[in-house]
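Predicted, not measured: the structure shown is a model, and the values here were computed from it. The first residue in the sequence is number 1, and the count goes up from there. Heavy atoms only: backbone and side chains are in, while hydrogens, waters and symmetry mates are out.
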Amino acid sequence: MLQMITTRNVFVGGLLLRVGMLLFGLWQDAHMTVKYTDIDYSVFTDAARFVWAGGSPYQRSTYRYTPLLAWLLTPNIWLHATFGKWLFVACDCAVGALITRILRARKIDDSTTAAYAALWLLNPQVATISTRGSAESVVCAAVMAALYAFQRRSLVLGSTLFGLAVHLKIYPIVYALPLLVALDSTTYGAQPSSQARLLNVYRVKFFAISAGVFMLLSVVMYGAYGREFVDETYVYHVTRKDHRHNYSMWFFPIYLEFHSSASLAMGLLSFLPQVAVVATIGLVYGKDLYFAAFAQTFAFVAYNKVCTAQYFMWYVCFLPVVWPYNAQRLWPKGAALLAIWFGSQALYLQQAYRLEFLGENTFAWLWLAGLAIFASNNWILQQIIASQRIEPLFTSSSLVSTLRPKDRGSKKDR
């Protein structure tokens, strides 16, 4: 059956799925009480309107993003209100295209590549998030393009895109650790040395270029909007206290102490286990860059003090490029892990429905459901790590393939 699946069919199917959902969303917004479009899209559009009028995007309350996003969405004002959604769909499809390129570069055959690319391109949850107007696909596209550039040994392009990705949303900064681990002297053809060097020219260039791009963009935005840019785009996410219910296990304790200093302390303390787990994964599995990024992001989202469905896209985009090396395979063990992942969320959503639509006090049950999500995510990540075959992105065989094309005959390491 796999032979019947092609990357072209999967890509076309993914595009049609998104276009269909986007058009249906327009109809739903026009004819139904419950709107399809996410509230964030209204925030983006309002910010773009202020920018187009010569003002600041932060004149729109709750806009907590880089002004670059508002600039990108100004066609929402002068062209068409749905421009941003089409842009997000295009980025969504770009991620799918990058997934296929990454898998092919790792010597995965076409039918298998198509099957795993379908985890993103034919995923209705992913398509829903982008067509409702969430901008997560823009960040995912920047991250995947950066890592693919590193895979192709384009250090300057990869570093530039990485700096852009961190500017768009700060969480990709965690990938700096596995990148620094992966960029050892053998990455670009040097002979292995008996003495490991913490600093080498590749790590220094990566840091200088990526930090330079990030700082340049930040200076431009600071020059345009001042301290407000720093506070709303970066500081807010560090000190953020969210009283609205979400998947995070930290929600209820922060909610109960929302008007006291204890909630701020809990929000800051929540970073400690998150940083410890994410940093450890990045250092231990850095040689396998894509898997390190997947596991880091999965842990980052699971331990974060705020967690919504949009955040899941941050690690789902890596799943197709790491799962071919997992002993669980897609069926049946992979399906079992997926069932647990969805099941824990369904338990939470049941309680959220009772709270939001029936007016019942289910806060304690919501918190217990959040704990169940946290526990199940930790167990799922442990299962994936335990069954993953670590496949270094840069191996001696790949160096031979890149540096000496005439010797490409041997594939025994694959």
Side-chain angles (χ1 to χ4, degrees), residues 14-52 57-65 69-70 72-92 122-138 240-248 251-252 255 258 306-313 316 341-367 369-370 373:
L15 180 60
L16 292 175
L17 172 65
R18 284 158 177 78
V19 171
M21 294 179 74
L22 199 157
L23 295 176
F24 173 80
L26 296 178
W27 179 88
Q28 181 175 330
D29 286 344
H31 296 90
M32 298 180 68
T33 303
V34 178
K35 304 303 180 184
Y36 183 82
T37 299
D38 194 288
I39 186 62
D40 283 348
Y41 192 71
S42 299
V43 174
F44 301 153
T45 302
D46 290 344
R49 184 174 291 107
F50 284 120
V51 167
W52 184 246
Y58 303 109
Q59 291 177 252
R60 183 19 165 128
S61 61
T62 73
Y63 185 81
R64 316 289 188 186
Y65 313 91
L69 180 60
L72 285 173
L73 297 185
T74 52
N76 278 16
I77 312 305
W78 58 264
L79 181 61
H80 197 275
T82 63
F83 170 83
K85 291 186 178 182
W86 292 105
L87 174 64
F88 301 156
V89 165
C91 290
D92 224 347
L122 299 183
N123 188 323
Q125 186 176 36
V126 171
T128 298
I129 289 171
S130 61
T131 55
R132 290 188 67 208
S134 173
E136 304 307 329
S137 62
V138 178
R240 178 179 183 180
K241 298 190 302 180
D242 201 328
H243 67 283
R244 298 292 297 272
H245 63 83
N246 60 83
Y247 291 118
S248 174
F251 143 70
F252 195 48
Y255 170 80
F258 188 76
V306 178
C307 179
T308 63
Q310 288 93 324
Y311 295 7
F312 301 153
M313 288 182 69
V316 171
W341 187 76
F342 274 116
S344 62
Q345 292 176 48
L347 178 65
Y348 178 93
L349 292 173
Q350 180 192 31
Q351 301 305 319
Y353 173 81
R354 291 174 58 195
L355 173 68
E356 292 282 350
F357 293 94
L358 303 182
E360 300 177 13
N361 183 357
T362 61
F363 282 102
W365 288 107
L366 273 173
W367 181 55
I373 290 175

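Under 3.5 Å, the side chains of Asp92 and Ser130 contain a donor-acceptor pair of N or O atoms. Looking only at atom types and distance, the side chain of His245 has no donor-acceptor partner in the side chain of Tyr255 under 3.5 Å away. Looking at Tyr36 and Thr131, their side chains do bring a donor and an acceptor atom within 3.5 Å of each other. No hydrogens or angles considered: nothing links the side chains of Asp46 and Gln59 as a donor-acceptor pair under 3.5 Å. Side-chain contact check for Thr37 and Asp29: at least one donor-acceptor pair (N or O, by modelled atom type) lies under 3.5 Å.
Within 6.0 Å of CH2 in Trp365 there are 12 or fewer heavy atoms belonging to other residues, nucleotides or ligands.
In this structure, Ala70 and Val51 approach most closely via the heavy-atom pair CB-CG2, 3.9 Å. Ala127 and Arg18 get closest at one heavy-atom pair: CB-CG, 3.8 Å. In plain terms, the two heavy atoms of Leu69 and Phe44 that are nearest each other are CD2-CE2, 3.7 Å.
Listed by first and then second residue, the salt bridge (charged side-chain N to carboxylate O under 4.0 Å, His left out) pairs involving residues 341-350 amount to none (not counting sequence neighbours).
Under the rule for a salt bridge (charged side-chain N to carboxylate O under 4.0 Å, His left out), the partners of Glu360 that lie at least two apart in sequence or sit in another chain are Arg354. Phe342 is linked by a ring pair (Phe, Tyr, Trp, His ring centres under 6.0 Å) to nothing, counting only residues two or more places apart in sequence or in another chain.
Proximity of Tyr348 to Leu366: side-chain heavy atoms (C-beta onward) are separated by under 4.5 Å at one or more points. The side-chain heavy atoms of Val19 and Trp86, taken from C-beta on, include a pair separated by under 4.5 Å. Counting heavy atoms from C-beta outward, Ser42 and Ile39 have side chains that approach closer than 4.5 Å. Looking only at side-chain heavy atoms (C-beta outward), Phe50 and Pro57 stay at 4.5 Å or farther from each other. In this structure the side chain of Gln310 reaches within 4.5 angstrom of the side chain of Asp40, judged on heavy atoms. Side chains of Thr62 and Arg60 form a contact here, defined as non-hydrogen atoms less than 4.5 Å apart. The shortest side-chain heavy-atom distance between Leu355 and Asn361 does not fall under the 4.5 Å cut-off. Looking at heavy atoms from C-beta onward, Ser134 lies in side-chain contact with Ile129 at the 4.5 angstrom threshold.
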Exercise for the section: Go through Thr45 and Asn76 one step at a time and tell me if the side-chain hydrogen bond (donor to acceptor under 3.5 Å, both in side chains) criterion holds. Expected result: CA-CA 6 Å; Thr45 302; Asn76 278 16; 3.1 Å; yes
Practice task
Could you walk me through whether Cys91 and Val138 pass the side chain to side chain contact (heavy atoms under 4.5 Å, CB included) test, one step at a time?
Solution key: CA-CA 6 Å; Cys91 290; Val138 178; 3.9 Å; yes
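Distance check: Cys307 SG to Ile373 CD1 gives 7.5 Å after rounding to the nearest 0.5 Å. Atom CD in Glu356 sits 8.5 Å away from atom OG1 in Thr362 (nearest 0.5 Å). Between the OG1 atom of Thr82 and the CG atom of Leu23 there is a distance of 9.0 Å, given to the nearest 0.5 Å. Between the NZ atom of Lys85 and the NE2 atom of His80 there is a distance of 10.5 Å, given to the nearest 0.5 Å. Distance check: Leu358 CG to Tyr353 OH gives 5.0 Å after rounding to the nearest 0.5 Å.
Under a 3.5 Å cut-off, the side chain of Tyr41 and the backbone N or O of Gly84 do form a donor-acceptor pair. The backbone N or O of Phe88 lies less than 3.5 Å from a partner atom in the side chain of Ser137, making a donor-acceptor pair. Panel note: side chain Gln28, backbone Val34; a donor-acceptor pair is recorded below 3.5 Å.
Ring to ring, Trp341 and Phe312 are close: their centroids are under 6.0 angstrom apart. Here the two rings, on Tyr58 and Tyr65, have centers that are 6.0 Å apart or farther.
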